[in-house]
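Worksheet: the structure to be examined is printed underneath.
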Amino acid sequence: MRWRTGRRLMPLLPAVALLALFMLGPVLWSFYGSFTNAALTGVNAANPDWVGLDNYRKLFADPDFPKAIWLTVVFVFASAVVGQNVLGVLLAMLMRSSQKIIRVVVGTLIVTAWILPEIVAAFAAYAFFSKEGSLNSLLAIVGITGKSWLYATPMLAVILANVWRGTAFSMMVYSAALNDVPPEITEAATVDGAGGYKRLIYITLPMIRRSISTNLMLTTLQTLSVFTLIYVMTAGGPGTNSSTLPILAYQQAFKFAQVGYGTAIATIMLIIGGVFAVIYIRTLKPEVD
């Protein structure tokens with residue numbers, strides 16, 4: 001029996017080895033680096049010393065760290081958990097019930113933002129929200145004087161940009177999920193007098209619950225690691241008012257050359273992502289079993 005099981009698992013060994021080499025290996029090396037004083041320049045760049053928990057003590061004493069955690073939570077919750085998922089469901093329902101020309105136009109506009117290279121999408125969002133950008137030009141047409149959105153409301157700007165950037169993925173996931181909802185169930189509910197709102201709450205959403213949980217996990221983990229979009233638009237500023245954990249880790253590791261300290265921040269971010277993943281997997285588990 002054991003030999004038969006071993007033979008069945010043998011084809012998986014190359015894939016497991018590659019995952020261990022290119023994914024688990026860097027994670028373990030990064031975890032080790034967070035306990036050293038590794039730097040980009042100087043003696044510690046060539047021969048870093050083991051400093052134990054010093055980086056983590058310094059991190060938890062840093063007043064910028066709690067703020068970065070709070071901004072990360074706000075960014076992930078507003079742009080991924082709420083923005084991309086709610087808008088994704090609404091767009092999927094719109095695409096399902098609207099005419100072909102509307103589906104083509106809306107689908108093209110939404111998917112274009114998703115297929116753009118991230119750096120291009122980031123510069124497009126920067127051009128839209130900047131003081132001399134497209135948003136203020138549009139507001140000027142109706143007589144409204146715009147402000148410097150990236151300075152006055154940096155988090156709102158990057159949240160809206162990330163929603164615009166990532167909603168297409170959620171829309172496609174929910175479109176596929178809605179296509180799997182048996183139409184006879186919806187028709188039976190309609191005959192029984194259930195309105196559109198009740199059909200959505202009591203029939204559609206429960207039936208696509210697994211897709212919702214999976215998409216929540218994917219969008220949350222992806223948004224947790226967003227760096228390019230925020231860095232191009234605000235670079236974490238003004239001050240630290242849009243400095244999420246990826247931005248803080250980059251600044252400490254590469255701007256201030258404290259690689260070990262920056263790696264400690266990245267490790268905390270990895271732990272937060274693991275917590276989110278466990279929560280979503282446990283949510284999925286009863287239905288999978």
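Predicted model, so just to flag it, every value in this text is computed and none were measured.
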Tell me, yes or no, whether the heavy-atom count around F227 atom CZ, taken from other residues, nucleotides or ligands under 6.0 Å, exceeds 12.
yes

For side-chain contact (heavy atoms from CB on, under 4.5 Å), just list the numbers for I212 and Y174, CA-CA rounded to whole Å, side-chain angles, deciding distance to a tenth of an Å, and then say yes or no.
CA-CA 8 Å; I212 293 174; Y174 292 133; 3.7 Å; yes

Determine yes or no for a side-chain-to-main-chain donor-acceptor pair under 3.5 angstrom, with D49 supplying the side chain and N44 the backbone.
no

Under the criterion side-chain contact (heavy atoms from CB on, under 4.5 Å), which of L90, T220, L216, V173 is the partner of N85?
L216

Donor-acceptor under 3.5 Å (S30 side chain, P26 main chain)
no

Nearest 0.5 angstrom please: T234 OG1 to L229 CG, how far?
8.5 Å

Counting only heavy atoms from other residues, nucleotides and ligands, does the tally under 6.0 Å from CZ of F77 exceed 12?
no

Identify the two heavy atoms, one from V163 and one from Q84, that lie closest to each other, and give their separation to 0.1 Å.
CA-CG, 4.1 Å

Working to the nearest 0.5 Å, report the span between OG1 of T263 and CD1 of I268.
12.0 Å

Out of curiosity, does V82 fall in the hydrophobic cluster containing V76 (side-chain heavy atoms, cut-off under 4.5 Å, transitive links)?
yes

Would you name the heavy atoms of A122 and M233 that are closest together and state the gap between them?
O-CG, 3.9 Å

Please check if the number of heavy atoms outside F123 that lie under 6.0 Å from its CZ is greater than 12.
no

For Q258 and K58, test the side chains for any donor-to-acceptor distance below 3.5 angstrom and give the result as yes or no.
yes

Which of D62, N37, T36 passes side-chain hydrogen bond (donor to acceptor under 3.5 Å, both in side chains) with Y261? It is D62

Looking at CH2 of W114 and CE of M171, how far apart are the two atoms once the value is rounded to the nearest 0.5 Å?
9.5 Å

Could you walk me through whether F65 and I69 pass the side-chain contact (heavy atoms from CB on, under 4.5 Å) test, one step at a time?
CA-CA 6 Å; F65 179 61; I69 290 182; 3.4 Å; yes

Which heavy atom in F35 sits nearest to a heavy atom in G52, and how many Å separate them?
CD2-O, 3.0 Å

L156 side chain reached by L160 side chain, heavy atoms, under 4.5 Å:
yes

What are the two closest heavy atoms between P206 and I203, and how far apart are they?
CD-O, 3.4 Å

In terms of side-chain heavy atoms, does N55 have a donor or acceptor partner in S34 at a distance below 3.5 Å?
no

Are any side-chain N or O atoms of N179 and backbone N or O atoms of S175, one a donor and one an acceptor, separated by less than 3.5 Å?
yes

Solution key, residues 243-251 side-chain donor-acceptor pairs under 3.5 Å, sequence neighbours excluded:
residue	atom	partner	partner atom	Å
Q251	NE2	A235	O	3.4

When hydrophobic residues are tied together by side-chain contacts of less than 4.5 Å, even through go-betweens, does V86 share a cluster with M207?
yes

Can you name the closest pair of heavy atoms from L71 and M155 and give their distance?
O-CE, 3.6 Å

Taking atom types as modelled, is there a side-chain donor on K67 or N241 under 3.5 Å from an acceptor on the other?
yes

Tell me whether I115 is reachable from I110 by hopping between hydrophobic residues (I, L, V, M, F, W, Y) whose side-chain heavy atoms are closer than 4.5 Å.
yes

Could you tell me whether the side chain of R165 and the main chain of L116 form a donor-acceptor pair under 3.5 Å?
yes

Under a 4.5 Å side-chain heavy-atom rule over Ile, Leu, Val, Met, Phe, Trp and Tyr, are F31 and F60 clustered together?
yes

Measure the CG-CD1 distance between D180 and I208 for me, rounded to the nearest 0.5 Å.
10.0 Å

If hydrophobic clusters are built by linking Ile, Leu, Val, Met, Phe, Trp and Tyr wherever their side-chain heavy atoms come under 4.5 Å apart, do L224 and L270 end up in the same one?
no

Could you go through W149 and N136, starting from their C-alpha distance and side-chain angles, then the distance that decides it, and tell me whether this counts as side-chain contact (heavy atoms from CB on, under 4.5 Å)?
CA-CA 9 Å; W149 303 100; N136 284 343; 2.8 Å; yes

OH (Y231) and OG (S242) are apart, to the nearest 0.5 Å, by 11.5 Å

Of all heavy-atom pairs between G273 and L221, which one has the smallest distance, and what is that distance?
O-CD2, 3.4 Å

Above 12 or not: heavy atoms from other molecules or residues under 6.0 Å from CH2 of W29?
no

First locate atom OG of S79, then atom CD of Q222, and finally report the distance between them rounded to the nearest 0.5 Å.
8.5 Å

Applying side-chain contact (heavy atoms from CB on, under 4.5 Å) to T153 and F129, what does each step give before you reach the verdict?
CA-CA 10 Å; T153 55; F129 286 105; over 6 Å; no

